[in-house]
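The figures here come from the full heavy-atom set of this structure, side chains too, leaving out hydrogens, waters and symmetry mates. By convention in this document, chain letters (A, B, ...) are assigned in the order of the sequence lines, proteins followed by strands, and residues within each chain are numbered from 1.
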Protein chains: 2
Amino acid sequence: MSTPAGRPVTLADVARRAGTSTAVVSYVMNDGPRPVAPATRERVLAAAAELGYRPNRIARALRSRVTGVVGLVLADALNPYFGALARHVERALAGHGRLMLIGNADYSAERQRHLVERFLAAQVDGLVITAADADDDVAAMARTAGVPAAYLHNGPAAGQTPVVAADNEHAVEEAVAHLRAHGHRDVAFLAGPRDTGPVGRRRQVWRAATGDGGTLLRSGYSRAEADALIRRLAATGDVPRALVAATDEQAIGVLSGACAAGLPVPGRVAVVSLDGSPDSAHTAPALTVTGQPLETMARQAVDLLFTPSASPAAPRAPLIRRRSCGCEEPR
Amino acid sequence: MSTPAGRPVTLADVARRAGTSTAVVSYVMNDGPRPVAPATRERVLAAAAELGYRPNRIARALRSRVTGVVGLVLADALNPYFGALARHVERALAGHGRLMLIGNADYSAERQRHLVERFLAAQVDGLVITAADADDDVAAMARTAGVPAAYLHNGPAAGQTPVVAADNEHAVEEAVAHLRAHGHRDVAFLAGPRDTGPVGRRRQVWRAATGDGGTLLRSGYSRAEADALIRRLAATGDVPRALVAATDEQAIGVLSGACAAGLPVPGRVAVVSLDGSPDSAHTAPALTVTGQPLETMARQAVDLLFTPSASPAAPRAPLIRRRSCGCEEPR
DNA sequence: CTGAAAGCGCTTACAG
DNA sequence: CTGAAAGCGCTTACAG
């Protein structure tokens, strides 16, 4: 709706129509901070409705220094794990009445930095960062600007900013123990290219849990790269009998590579994955995973923005038994 | 960076330090609209750097009526098809120097309306909407507010707002023809619960292409529901020999259901899917799809915001031959 | 080429 | 309980 002039309706228009001041209109639109007489309130509400008044949040933000917007920097928006995390962050923010600005760093430290700069320029009320590069403590820029920030899933452990992540140690131990219970002495591990971040941590815990008893495999984090690795290994008969994949994307690549090479899962190679994003329940065969509590993680990170405190205890990722490990699938 | 007082650095601070006016500082920060003497420009730039000045985009937005932010309303952020679309929209917007506010409607008309309201209140410069409910022309609210909008993938055909979508007619015809070429006389179709939006259109085109020669199946749009359908059909031996799935999510559910039921794909049931999101290349087996040109679609929708015109021609979704239809996979 | 000043649409002390 | 007015940090005619 707009005034006859075609100009958007402002507070002043409503005040004029209701025969009162802009202060009073503001008080009724915001339910405070001063009381308003019921009769006046009614007049204001009626005027606002008649004119189709929609408050300008930008003007409000400039004056009150609260934009109602929080920025989320994602390492990789195309990865369903991060996609699910983003969805949960949006929902947690909606619970606080906040809108979400989202930006994708595509694993580039430079883009990550650029996004944080732009979000701060946009005067976000807070920043959630799933670090693309944990060596660059971009949250420090937020702190300097007085903007609360939290890392989610991955972030520099040494910095001042809290890092919310699942209990990866426990998850890896569960995964290895479960494959052992299926009778596998050697449990291989499919790691990323380098051992950084939470995925690097998973690799270390696996080594501690298996001693010298398992093969270390590496591939990029995409389905395509894990798929290619398995096909290559299949050509020489070197595919392990049991495997823990560092991420769901890699596990899904293992499944498609094994399928293409004619290697049955779990018969020829048993697989357990460590993310547990929603997708993992509907692969062929269904993936046994340690299910990261994404909703809890997202909520913890968002809550940290509004009530600053130390990093909360890392929530556990329970083992979800499905078919890929060798368990019978429930019907 | 901030002033000694701990207050954020403003244009006025920079002007004071550079010994000039705020107008001139604004001219150099924005490279216009008035010329500035080179020497003055240097002084301003130096002062800004020394103080760590970061322009307040909110203040700029209030004055200039340009926020630099565009809103994206998504029908379902957890669906990789929409996730990939969102990623492309973000990238296209970055090309125009815009940030992206994102909101998830979860297929609810009410939430979709609420998000558009909030985005308009946030004074977005434009709105891209993948409609959750094409019966409710929410873009009309944007038009009233003078904000450009475009529908992407799904939107009301009758409205004033352009709808960008792929050429679904051609895609379905290609899919059916390809399965026919593999020797299947009967080509079934897995549709959604109701025939609305582009997916409903696909169903109609399939019927036109097959006449009475194929079975119509229906399930919800989630992997889980398609998975359950196939298991149910398998129990009675009613799984078709060849199937076109309306969406990737359903096709992936078909794959996992068939795997669980011991039905080989493509041997027992050949599958072609109509989305072609990135995921579809790494399923087991890899999905043959008609690959929607998501990047082109996203770019078209975004460009429409900045240079209004009629809906562009629907880009085609080429058939991508992989394993699930019965083709040999390239090594 | 530069500066003084108005104004974008709100919120909020302050005075009544 | 209500109103007149200052001010958030910018941009941009306007005058010089």
> In dot-bracket notation, what is the pairing pattern of DNA chain D, taking Watson-Crick (N1-N3 plus N6-O4 or O6-N4) and G-U wobble (N1-O2 and O6-N3) contacts under 3.5 Å, with [ ] crossing and | for other strands?
Replying inline: |||.||||||||.|||
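By the 4.5 Å heavy-atom criterion applied to side chains, A:Val199 and A:Tyr221 are counted as neighbours. When side chains are defined from C-beta on, A:Val69 does not count as touching A:Phe119, because their heavy atoms never get closer than 4.5 Å.
A salt bridge links A:Glu90 and A:Arg87; the closest N-O separation between the charged side-chain nitrogens and carboxylate oxygens is under 4.0 Å. Using a cutoff of 4.0 Å between basic side-chain nitrogens and carboxylate oxygens, B:Asp31 and B:Arg41 are scored as salt-bridged.
The CG atom of A:Asn30 sits 16 Å away from the C1' atom of D:dT2 (whole-angstrom rounding). As rounded to whole Å, 8 Å separates atom C1' of C:dT12 from atom CZ of A:Arg34. Atom C1' of nucleotide D:dC10 and atom CZ of B:Arg16 are separated by 14 Å, given to the nearest angstrom. The interatomic distance linking A:Leu51 (CG) with C:dG9 (P) rounds to 14 Å, in whole Å. One atom, CZ of A:Arg60, and another, C1' of D:dG9, lie 18 Å apart when rounded to the nearest Å. Note: CG (B:Asp13) to P (D:dG9) measures 9 Å, nearest angstrom.
In this structure, B:His96 and B:Phe306 have parallel ring planes: the angle between them is below the 30° cut-off, well short of the 60° mark.
Comparing D:dG9 with D:dA13, their P atoms sit 23 Å apart, to the nearest whole Å.
The 5' end of DNA chain D is approached more closely, in terms of each residue's nearest nucleotide, by A:Pro38 than by the other of A:Pro38 and B:Ile58.
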> Given B:Thr130 and B:Asn154, is the side chain to side chain donor-acceptor pair (under 3.5 Å) satisfied, shown in steps?
Replying inline: CA-CA 5 Å; B:Thr130 71; B:Asn154 185 26; over 6 Å; no
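At distances below 3.5 Å, at least one donor-acceptor pair connects side-chain atoms of A:Arg43 with backbone N or O atoms of A:Ala18.
Considering only side-chain atoms of A:Ser26, the nucleotide from C:dT11, D:dT11, D:dT2 that sits closest is C:dT11.
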Could you write out each protein N or O paired with an N or O of nucleotides 4-8 of chain C at a distance under 3.5 Å?
unit_1 : atom_1 : unit_2  : atom_2 : d
C:dG7  : N2     : B:Arg63 : NH1    : 3.2
C:dG7  : N3     : B:Arg63 : NH1    : 3.4
C:dC8  : O3'    : B:Arg65 : NH2    : 2.9
C:dC8  : O2     : B:Arg63 : N      : 3.4

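By the neighbour-count criterion of 12 heavy atoms within 6.0 Å, atom CD of B:Glu117 is densely surrounded, having more than that number from other residues, nucleotides or ligands.
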